[in-house]
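So the structure is just underneath, and the comments pick up after that.
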Amino acid sequence: MARDRRIDAYIAERTAAFAQPILHAIRKAMHKADDAIEESIKWGAPAFLWNGRTLALMASFKKHAVLNFIRDKELDFAGLGLEDKSDEAMGRLGRIESAAELPPERTIIAIARAAIALEQAGPRKKAAKKGPIKVPALPKAFEDALAANPRAKAVFSGFPPGARREYVEWIAEAKQDATRDRRIATAIEWLVEGKKRNWKYEKC
């Protein structure tokens, strides 16, 4: 399997020392998952493609790295024994600050193969339009946090219904109070900066 030299350059020249073993390990596991996986650069980050479709991206930041499967919301993370850490960083695996924090190679391979199975089943179906988007009732803790931060509340109120709903559903889906509170704190931080819930993907 030919490797994309641009990814070699990305790891060698644009990645901090702590992240290089993380990206090398991810790259190795992805190629072990399926011989048909190809490499490219998408949106400025190393990408893994299967049958011409982007399967996953990996990237390095100042203090953490990420591995983001494009259709990760459709993957059974619980069945793979993984915690959803999408409130920490891009992708459900969250912030990866060292190679020791990576899931085992066999788990990355399992995630990749599950993502490939989704692609084999066909492209994600677009939901049919069902009229105006309704925003669910705000969780009380989120409502209180907005009331305590006028800037965040003004930004949230100014967003279209779809953008507000994304925040509300993300917070309401938290199964534990600690997760809910962490998501609320992140939401307030992003709203103060004028960001939508999925701002990380807006340039994709």
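Nothing fancy with the numbering, it's 1 onward along the sequence. Side chains are part of it too, since the values below use all heavy atoms of this structure and drop only hydrogens, waters and symmetry mates.
- Inter-residue side-chain proximity for Arg95 and Glu101 is flagged as unmet; no heavy-atom pair is nearer than 4.5 Å.
- Proximity of a side-chain donor or acceptor of Gln20 to a complementary backbone N or O of Ile11 within less than 3.5 Å is detected.
- Inter-residue side-chain proximity for Asn51 and Glu119 is flagged as unmet; no heavy-atom pair is nearer than 4.5 Å.
- Under a 4.0 Å N-O distance rule, the pair Lys140/Glu143 does not qualify as a salt bridge.
- Val135 approaches Pro161 most closely through the heavy-atom pair CG2-O, 3.5 Å.
- Within the 4.5 Å cutoff, the side chain of Leu191 has heavy atoms near those of the Phe159 side chain.
- Taking the side chain as every heavy atom from C-beta outward, Pro46 and Leu57 never approach each other to under 4.5 Å.
- You'll find the side chain of Trp170 reaches within 4.5 Å of the side chain of Thr186, heavy atoms only.
- When ring centroids are compared, Phe142 and Phe156 come within the 6.0 Å threshold.
- Checked by atom type and distance alone, the side chain of Tyr10 never pairs as donor or acceptor with a backbone atom of Gly44 at under 3.5 Å.
- Taking 4.5 Å as the limit, every side-chain heavy atom of Leu67 sits out of range of all side-chain heavy atoms of Ile111.
- In terms of heavy atoms, Ala145 sits closest to Ile184 at CB-CG2, 3.6 Å.
- Contact of the Arg27 side chain with the Asp8 side chain is registered, since non-hydrogen atoms from C-beta on lie closer than 4.5 Å.
- Arg197 approaches Tyr167 most closely through the heavy-atom pair N-CE1, 3.4 Å.
- Shortest non-hydrogen contact noted between Asp76 and Gly79 is OD1-N, 2.9 Å.
- A donor and an acceptor atom, one from each side chain of His31 and Glu39, are located under 3.5 Å apart.
- Side chain of Thr107 to main chain of Pro103: no donor-acceptor pair is present (N/O by atom type, distance under 3.5 Å, no hydrogens or angles).
- Nearest heavy atom pair, residue Met58 against residue Ile7, reads CE-CG2, 4.1 Å.
- Listed for the Glu97 side chain is no donor-acceptor partner under 3.5 Å among the backbone atoms of Ala65.
- Side-chain atoms of Ile109 and Glu105, non-hydrogen and from C-beta on, do get closer than 4.5 Å to each other.
- Contact detail for Arg165 and Pro136: the closest heavy-atom pair is CG-CD, 3.7 Å.
- A salt bridge does not link Glu173 to Arg180: none of the charged side-chain nitrogens sits closer than 4.0 Å to a carboxylate oxygen.
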